[in-house]
Amino acid sequence: MLAGNTAYELPGDFQSIATVSVSSGGAANVEFTSIPATYQHLQIRAITRETNATFPGFSYLQVNNDTGSNYAVHLLSANGSSASVGQATSQSIMYTGPVGSTTSNTFGSMIIDILDYTSTSKYKNFRYFTCATNNSSGEMRYGSGLWYSLNAITSIKLFGNNGNWQQYSHFALYGIKAV
Amino acid sequence: MPATYEPIATTTVSTASASVTMSSIPSTYTDLIVVAYATDSTSEGMGMYFNGDTGSNYSFMYFYDNGSGGVATGQNLNTTRINFSNLSSTISLYKAHILNYSNTTTFKTVFSNGGLAPEYVIAYSGNWRSTAAINSITFNVSSGTIGVGSIFTIYGIKAA
């Protein structure tokens, strides 16, 4: 903070856990493993671009390598011309919305909050905001997700919906401490 | 454990003005978060542009709801700023995320959300078509002024 200034809000205990930068070869997925159980919540912050043939691309995730039909989402989506809502239950993946794709240098943004991820007494709630905008089109989504499991989350794998993550996609995982 | 999320600078508006610039933003973080707690004398909303670039190098879209009629959406292409709030003369709060702001290989993406209960809630996403690292942010209104007492705070988030 610059001398003489005071902050509007205190950030709290927000700590970096791991970061993945996709290299020139691309990546079929990005996975955070061995996530420590020492935080209250998690947050993923990313810029995203996949090898989809149209803009935008899309994304999804899986937790603890669970490929069963144990995910649900509920979302609000808009593309500048129309807005819509949707939901999906008993899915084998959790959809997380738009990412960058065909437009050069243009990446999507992704922030995902994962609440009480170590709880063994309740299903896990996710909240996400994803968007990808170029100079002619795009999409933005607010969504909530649910993983029907009482297991603590120890790994999260993120996928492009139609292809690989492209170079310079950048994913950072943070932990948020409680008192 | 080193600090990961920390305040960089805060500006409080002491004289109503059309714009506020926060400069010399260090490049040592991964993301920036802007918290604006502000008013606009004309209720036209506020935008942001980067590094003094007022060219038509920005695009943004948004959706909002005002409590009646359902969710609406819109977009502005090839414009001179990214809107990130729909301020009014009543003080309201907005938070904007600028991801990977200091990299020099990608265009920059921004998204924000906020609202003014009970009038509306709104979210924006936008991009700046530049690979330059962001080192200053200017907040401006199309006409009118940003009100006295408005507060802008920039935080940095540092990845491992």
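All chains are named by letter (A, B, ...) in the order of the sequence lines, taking the proteins before the strands, and each is independently numbered beginning at 1. Note that the structure is predicted; figures quoted are calculated from it, not measured.
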Hey, what do you get for CD1 (I47(A)) to OG1 (T106(B)), rounding to the nearest 0.5 Å?
->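 Answer for the CD1-OG1 pair, I47(A) versus T106(B), is 4.0 Å.
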Measure from the ring center of F107(B) to the ring center of F107(A) and say whether it is less than 6.0 Å.
->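 When the ring centroids of F107(B) and F107(A) are compared, they turn out to be at least 6.0 Å apart.
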Partner chain B: residue of I17(A), I111(A), T106(A) with the largest heavy-atom pair count (under 4.5 Å) =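 Among I17(A), I111(A), T106(A), the one with the most close pairs to chain B is I111(A).
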Write out, in numerical order, the residues from residues 75-82 of chain B with a heavy atom short of 4.5 Å from a heavy atom in chain A.
->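 So the qualifying residues are Q75(B), L77(B), N78(B).
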Please list, in residue-number order, every residue in residues 160-173 of chain A that has a heavy atom less than 4.5 Å from any heavy atom of chain B; write 'none' if there are none.
->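 Y168(A), H170(A), A172(A), listed by number.
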Side-chain donor-acceptor pair present, N135(A), S59(B), cut-off under 3.5 Å |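 Yes - a donor-acceptor pair under 3.5 Å links their side chains.
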Nearest non-hydrogen partners of F63(B) and Y142(A), listed with the distance |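 So the two residues come closest at CZ-CD1, 3.4 Å.
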Name all pairs fulfilling the side chain to side chain donor-acceptor pair (under 3.5 Å) condition that reach into residues 108-118 of chain A, sequence neighbours left out, sorted by first residue then second.
->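 For residues 108-118 of chain A: Q40(A)-D116(A), Q43(A)-D113(A), S109(A)-T109(B), D113(A)-R127(A), D116(A)-K122(A).
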Donor-acceptor contact below 3.5 Å, side chain S16(A) vs main chain A160(B) |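 Such a contact is found between S16(A) side chain and A160(B) backbone.
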N/O donor-acceptor pair under 3.5 Å between N127(B) side chain and T133(A) backbone =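 Between the backbone of T133(A) and the side chain of N127(B) there is a qualifying donor-acceptor contact (under 3.5 Å).
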Portion of Y174(A) that has a non-hydrogen atom of chain B nearer than 4.5 angstrom =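 It is the side chain, since no backbone atom gets that close.
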Name each donor-acceptor pair under 3.5 Å that joins a side chain in residues 72-90 of chain A to protein atoms two or more places apart or in another chain, with its distance.
residue : atom : partner : partner atom : Å
S77(A)  : OG   : E139(A) : OE2          : 2.8
N79(A)  : OD1  : S81(A)  : N            : 2.9
N79(A)  : OD1  : S82(A)  : N            : 2.8

